[in-house]
Amino acid sequence: MDFILESFAGAWTLLAGRDPELLAIVRLSVLVSGSAVMASGLAGLPLAFALVYGRMPGRGALRIVFDTLMSLPSVAAGLLLYSLLCRKGLLGGWGLLYTPWAMGAGQFVLATPIAVSMAAAYLDGADPRILRTAATLGSTRLGAMLAVARETRAGLACVLLAAFGRVFAEVGASMILGGNIRHHTRNIPTAMAAKISDGEFSSALALGLILLAVAFSLSLAGRRLGAGGRRAL
Amino acid sequence: MLFELKAVRKRFGAKLALDLPELKLEEGKPVVFYGPNGSGKTTLLSLLAGLDEPTEGTVRFAGGRRDVTLVEQDPYLFSTTLLGNVVLGLRYRGISEREAAAAAKPYLERLGLWDMRGRGCAGFSAGERRRAALARGMALGTKALLLDEPMANLDRAFVAATEKLIAEEAAKPGRTVLMATHDLAAAVRLGAEVVYLSDGRLSPVPLWGGVRQALGPGFGFFVSTGVLGPATVSIDPRDVLLSLKPIDSSALNCVLGRIASASTMGLEVDVVVDAGWRLHAFITPKSFGRMGLKPGDEVYVTFKATAVRVLEEGQ
């Protein structure tokens, strides 16, 4: 049990010490996960709108696929991309393996089904009058969609936060695609995994606490943003 | 023709919500769709506004998509300021913020909303939301302005102002106001043609259109209100009894008339009786057959004083 108390002290020491290596690890984590979630939002949210409001055939089947992919094991996503990015892989020539780019790609694959499925579920419950009202006021189809996006922004932001939560803490894909290379592809979860294999439980837990602290600050910022939107109602 | 509906049917699941073999609506002529709840008024307005497609048949509109707007009964206000909501449609049309606000101002003023234009709409009362939506719809200046129960749930202080505003809009050249309501008196005051809807079908208007009838004992017939003298009244065709002999009952009105016409109307027969003025009576085909009625026959028409609704008093 001692190592839990030690981990709190350790986390505090690490943060207070402003260890440049730790800061680089946190920075890489936020940067990679943040970019992956943003990319998944750019790709996934329009897809969610198309699935809910579009008329293309096979929408139902596609939704089930994305619902299922929410449970994709991060190791499986990692291996899948590894097979593409390794030297003999289809995209091996790009030289992306063991770079932050590869880690971002893995996290994108994990975040996108969440962005699609949860946003679609949220839009299912959105007020149907939004679309009708925008249409009868003379908006284009795209304008009406943007109106829906604006009206549901707090919920959609929450969907992206959930996607961020999924990838920010995942270790499998980052380990396989990034390789946990010090000063290069080491993020908080892979650093934790490395500490555990070295038997440094309290340091690993300290990193876990830091991860939670970062997630907390980001959630708080997200909430503030959402609440700000509501206040403008 | 502004709108032309042909063989239009609208189903929601197994329920046939609207069944209109033909309906033509002229430009510039205000029309009121009148009928009880669930009679298909809102469905019809949605089709006319192009917000919904008919299950069968065609709805033709002599204008673009932006020439028609619908103010719904339970309107949605966007999460922006009141002014932001009211100018939204004009902004969609590429009109500048300033010009749009100028166009919206008179409507907001008339509906008592100008002073709250900078406020967010979240805390608005039902009445305020409706007035905001009316201003938003009217400010667009579309060819066709569709209003779904515009006076329902309106703060009492604004009913008259809203009615006047609607009448003014209806009188504007090139503008056609189509309104759904179950307030027949408002329809009469607007001078609108009344289209009566019942179970999604067109019915004859239960109204002696244009005929001013003297009310009271010894004049015309009895009403439950204290009205005497000329008035425009309406009698629900389902409240009218037909008989071959005079009926001695509590009903105060019993007059002799002659059958002008009889036609099948959905599940009922619509019998038009001429008693110096015309009135509709809905009876079942079974009763109609049993009484052996045919045009030209004399019948007694009986209805209670409470069945007479006074729509407008005076000249």
Side-chain angles (χ1 to χ4, degrees), chain A residues 41 45-46 48-57 59-60 119 121-161 221-233, chain B residues 42 45-53 61 63-82 84-95 100 104 118-124 129 132-148:
Chain A
L45 295 185
F49 272 88
L51 286 176
V52 173
Y53 297 114
R55 287 180 193 142
M56 62 216 181
R59 287 185 300 154
Y122 191 77
L123 291 174
D124 280 337
D127 195 325
R129 294 175 305 166
I130 302 173
L131 212 58
R132 288 170 64 87
T133 306
T136 201
L137 290 176
S139 79
T140 57
R141 187 85 182 147
L142 181 67
M145 293 294 141
L146 290 175
V148 174
R150 221 174 20 244
E151 295 299 297
T152 56
R153 62 189 179 274
L156 295 180
C158 200
V159 167
L160 292 184
L161 269 179
R223 273 237 173 255
R224 280 268 163 84
L225 236 65
R230 267 198 298 285
R231 260 201 295 280
L233 279 180
Chain B
T42 299
L45 285 181
S46 281
L47 292 183
L48 294 176
L51 294 177
D52 219 343
E53 301 276 324
F61 173 53
R65 211 173 46 77
R66 285 184 170 168
D67 291 330
V68 54
T69 195
L70 167 66
V71 179
E72 300 202 70
Q73 195 176 355
D74 180 20
Y76 186 87
L77 297 181
F78 292 95
S79 53
T80 171
T81 60
L82 170 59
N85 261 287
V86 174
V87 301
L88 191 62
L90 294 163
R91 300 283 291 137
Y92 281 143
R93 286 160 175 77
I95 292 164
R119 276 175 50 189
C121 306
F124 276 19
R129 303 178 76 82
L134 277 168
R136 182 170 67 183
M138 286 179 170
L140 289 179
T142 46
K143 253 187 188 178
L145 174 63
L146 314 186
L147 308 170
D148 196 355

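Naming convention: chains lettered A, B, ... in sequence-line order (proteins, then strands); numbering from 1 in each chain.
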Non-hydrogen atoms of Ala147(A) and Phe78(B) that approach each other most closely:
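Heavy atoms of Ala147(A) and Phe78(B) come nearest at CB-CE2, 4.0 Å.
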Would Glu72(B) and Arg129(A) count as a salt bridge (Lys or Arg N to Asp or Glu O under 4.0 Å) here? Give the steps.
CA-CA 9 Å; Glu72(B) 300 202 70; Arg129(A) 294 175 305 166; over 6 Å; no
Relative to chain A, which of Pro75(B), Ala49(B), Gly64(B) shows the most heavy atom pairs under 4.5 Å?
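Of the candidates given, the most pairs with chain A belong to Pro75(B).
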By number, which residues in residues 135-143 of chain A have some heavy atom less than 4.5 Å away from chain B?
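If one takes a 4.5 Å heavy-atom cut-off, the residues of residues 135-143 of chain A near chain B are Ala135(A), Thr136(A), Leu137(A), Gly138(A), Ser139(A), Thr140(A), Gly143(A).
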Please flag which part of Val68(B) lies under 4.5 Å from any non-hydrogen atom of chain A: side chain, backbone, both or neither.
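Val68(B) touches chain A through backbone heavy atoms alone.
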Counting only non-hydrogen atoms closer than 4.5 Å, does Asp74(B) touch chain A with its backbone (N, CA, C, O), its side chain (CB onward), both, or neither?
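It is both, since atoms from each part get that close.
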Evaluation steps, side-chain contact (heavy atoms from CB on, under 4.5 Å), between Thr133(A) and Arg136(B):
CA-CA 11 Å; Thr133(A) 306; Arg136(B) 182 170 67 183; 3.2 Å; yes
Members of residues 84-91 of chain B whose heavy atoms come closer than 4.5 Å to chain A:
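Interface residues of residues 84-91 of chain B: Leu88(B), Gly89(B).
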For Ser79(B), is there any backbone N or O sitting under 3.5 Å from a side-chain donor or acceptor partner on Glu151(A)?
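Checked: pair present.
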